[in-house]
Amino acid sequence: MIKYQTREHIDLDIENPWPGLHEFNEQDADYFNGRVEETAALARLIRNETLTVLFGRSGLGKTSLLRAGLFPKLRQQHLLPVYIRLDYSMDSGPLIEQVRRRFIEELENGHVDHQDFSDGETLWEYLHQPERELWSSTNELLTPIFIFDQFEEIFTLGAAKPEAVKQFRADLSDLIENRIPGSLVESLEQSGSSLDFRIQHYKMLLSFREDYLPDIENWRNEISAVMRNRMRLMPMNGRQAYNAVFKTGKNLVNEEVSRNIVRFVAAAQED
C-alpha cells in the first residue's frame with residue numbers, strides 16, 4: 001500500500017473550520033485562508049517550467065498550501081495533480097513504480113479518459129507516447145503534475161535504501177530533463193519506436209523543508225532544473241494571519257477576537 005495520505009481526513013464545517021495540528025486537504029479549500037498570494041505565485045511558476053521547487057521551514061503549512069490552496073487552482077487550469085509521498089519501507093518496491101501506481105490511481109479515481117499502460121510499459125514511455133491524451137469528465141485535455149510532498153524524506157528515511165534512492169534519482173532526472181533512460185536506448189532503437197522524445201506533456205513539483213535545500217542542490221549535475229523556478233514559503237504576515245483566523249472562523253470569532261488571537265500567537269512565537 002502506498003502511503004500518500006498524511007492523515008485520516010477530518011471533516012470540517014462552519015462550527016469546526018480548522019483541522020488542528022493536521023493539514024488542510026483539497027476538500028477543505030473553503031476553509032483555507034491567508035495564502036492567496038503564495039498560491040497564485042506558485043501556480044505561475046508551474047506554468048513556466050517542467051519542474052517547480054517549493055521549500056520552507058517546518059510547520060509553515062506547505063502541505064496545506066499544496067492540497068487546499070494549489071490543487072483547486074491547478075484543476076481550474078486543466079492540470080491533474082498527482083499527490084505523492086514516497087514510501088521507503090523495505091517491501092515498498094521501486095520508487096518510480098510507486099509514482100506510476102499513484103498516477104494510475106489518480107486517473108481512475110478522477111474518472112479521467114485515458115489509455116491503459118501496456119504490459120511492462122514504464123512511466124517514461126507512457127508519458128512520451130504522442131497519442132496518449134488525458135481527458136477530464138468535462139472533456140478538457142489534462143496535463144498531469146506529479147507533486148512530491150515532504151521530499152526531504154528521501155534523505156532521511158531513504159538513507160536505509162541507498163540503491164533504491166540512487167535509481168530513483170536517475171529515473172527522476174530522466175523525466176525532468178527529458179532524457180531517454182539508458183535502459184531503454186537499445187530497445188527503442190531496435191523496435192523503431194514511435195515515441196516522441198521531444199514532448200514533455202507533464203510537470204513536477206518537489207516540496208521539502210528548507211534545511212534540505214543544499215542536499216537537493218547537490219543533484220544539480222543530474223537535474224539542473226532544481227536551481228531555478230523556486231519558491232521559498234515564508235511565515236504569514238499579520239494580515240495573512242488575520243485572514244486565516246477571521247475568514248475561516250467568522251461564524252465563531254469576531255474581528256476583535258481574531259486580532260487578539262493573532263497578537264497572542266505572534267507574541268508567543270517571539271518568546
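The first residue in the sequence is number 1, and the count goes up from there.
For the pair Ile96 and Trp124, the minimum side-chain heavy-atom distance is 4.5 Å or more. Counting heavy atoms from C-beta outward, Ile145 and Ile147 have side chains that approach closer than 4.5 Å. In this structure, the side chains of Lys203 and Ile46 come closer than 4.5 Å at one or more pairs of heavy atoms. The shortest distance between side-chain heavy atoms of Ile154 and Phe168 falls below 4.5 Å. Between Gln98 and Asp87 there is a side-chain heavy-atom pair separated by less than 4.5 Å. When side chains are defined from C-beta on, Val253 counts as touching Val245, because their heavy atoms get closer than 4.5 Å. Side-chain contact between Glu210 and Leu233: absent, with no pair of heavy atoms (C-beta onward) separated by less than 4.5 Å.
A donor-acceptor pair under 3.5 Å is absent between the side-chain atoms of Thr138 and the main chain of Glu140, judged by distance alone. Remark: side-chain polar atoms of Gln150 are not paired, donor with acceptor, to backbone N or O of Phe208 under 3.5 angstrom. Of the possible polar contacts, one joining the Asn237 side chain to the Gln240 backbone as a donor-acceptor pair under 3.5 Å is found. Formation of a donor-acceptor pair under 3.5 Å by the Tyr202 side chain with backbone atoms of Leu175 is found in this model. The main-chain N or O of Leu51 is found under 3.5 Å from a side-chain atom of Asn229 such that the two form a donor-acceptor pair. Judged by distance alone, the side chain of Lys62 and the main-chain N or O of Leu54 form no donor-acceptor pair under 3.5 Å. At least one donor-acceptor pair closer than 3.5 Å links the side chain of Asp13 to the backbone N or O of Asn16.
A salt bridge links Glu121 with Arg132: at least one charged nitrogen is closer than 4.0 Å to a carboxylate oxygen. Under a 4.0 Å N-O distance rule, the pair Glu49/Arg230 does not qualify as a salt bridge. Between Glu38 and Arg35 there is a salt bridge, with a side-chain nitrogen of the basic residue lying less than 4.0 Å from a carboxylate oxygen of the acidic one. With salt bridges taken as basic N to acidic carboxylate O contacts below 4.0 Å, one links Arg179 and Asp174. By the 4.0 Å N-to-carboxylate-O rule, Glu105 lies close enough to Arg102 to be salt-bridged with it.
Nearest heavy atom pair, residue Pro144 against residue Leu134, reads CD-CD1, 3.8 Å. In terms of heavy-atom proximity, Gly69 sits nearest to Thr39 at O-CG2, 3.3 Å. For the residue pair Gln77 and Ala43, the shortest heavy atom distance occurs at NE2-CB, 4.2 Å. Here the shortest heavy-atom pairing between Pro17 and Glu15 reads CD-C, 3.6 Å. Across all non-hydrogen atoms, the minimal contact from Ala225 to Glu177 is N-OE2, 3.2 Å. Contact detail for Arg67 and Phe24: the closest heavy-atom pair is CB-O, 3.8 Å.
Rounding to the nearest 0.5 Å gives a distance of 11.5 Å between NZ of Lys73 and CG of Leu79. Atom NE2 of His114 sits about 13.5 Å away from atom OG of Ser136, to the nearest 0.5 Å. Annotation: the span from Asn243 atom CG to Thr248 atom OG1 amounts to 8.5 Å, rounded to 0.5 Å. Taking CD1 of Ile104 as the start and OH of Tyr126 as the end, the distance is 8.0 Å to the nearest 0.5 Å. To the nearest 0.5 Å, atom CG of residue Asp116 and atom CD of residue Glu108 are 7.5 Å apart. The distance from the CZ atom of Arg209 to the CG atom of Leu60 is 11.5 Å, given to the nearest 0.5 Å.
Classified by interplanar angle (parallel below 30°, tilted 30° to 60°, perpendicular above 60°), the ring pair Phe155/Tyr212 is parallel.
In this structure, Phe151 is a member of the same hydrophobic cluster as Met227, with clusters built from ILVMFWY side-chain heavy atoms closer than 4.5 Å. The cluster map of Ile, Leu, Val, Met, Phe, Trp and Tyr, joined by side-chain heavy atoms under 4.5 Å apart, puts Leu213 and Met234 in different clusters. Under a hydrophobic-cluster definition in which Ile, Leu, Val, Met, Phe, Trp and Tyr are linked whenever side-chain heavy atoms come within less than 4.5 Å, directly or via other members, Met236 and Leu66 are assigned to different clusters.
Legend: residues meeting side-chain contact (heavy atoms from CB on, under 4.5 Å) with Gln76, ordered by chain and number and at least two apart, are absent.
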Exercise. Determine, step by step, whether Ile176 and Val226 satisfy the side chain to side chain contact (heavy atoms under 4.5 Å, CB included) criterion, reporting the C-alpha distance in whole Å, the side-chain angles of both residues, the deciding distance to 0.1 Å, and the verdict.
Key: CA-CA 10 Å; Ile176 293 171; Val226 299; 6.0 Å; no
Practice problem: Could you walk me through whether Thr156 and Glu153 pass side-chain hydrogen bond (donor to acceptor under 3.5 Å, both in side chains), step by step? | Solution: CA-CA 5 Å; Thr156 56; Glu153 290 177 342; 5.9 Å; no
Exercise. Assess whether side chain to side chain contact (heavy atoms under 4.5 Å, CB included) is satisfied between Ser64 and Phe32, documenting all intermediate values.
Key: CA-CA 8 Å; Ser64 293; Phe32 180 70; 3.7 Å; yes
Practice problem: Take Thr122 and Arg100 through the test side-chain hydrogen bond (donor to acceptor under 3.5 Å, both in side chains) and record every step on the way to the result. | Solution: CA-CA 8 Å; Thr122 67; Arg100 190 180 78 93; over 6 Å; no
Practice problem: Under the side-chain hydrogen bond (donor to acceptor under 3.5 Å, both in side chains) rule, what do Trp135 and Glu133 come out as? Steps first, then yes or no, please. | Solution: CA-CA 7 Å; Trp135 292 89; Glu133 294 183 339; 3.2 Å; yes
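Within the structure, the ring-ring contact (aromatic ring centres under 6.0 Å, His included) test picks out the following pairs touching residues 226-253 (sequence neighbours left out): Tyr242-Phe246.
Checked against a 6.0 Å centroid threshold, the rings of Phe146 and Phe103 count as neighbours.
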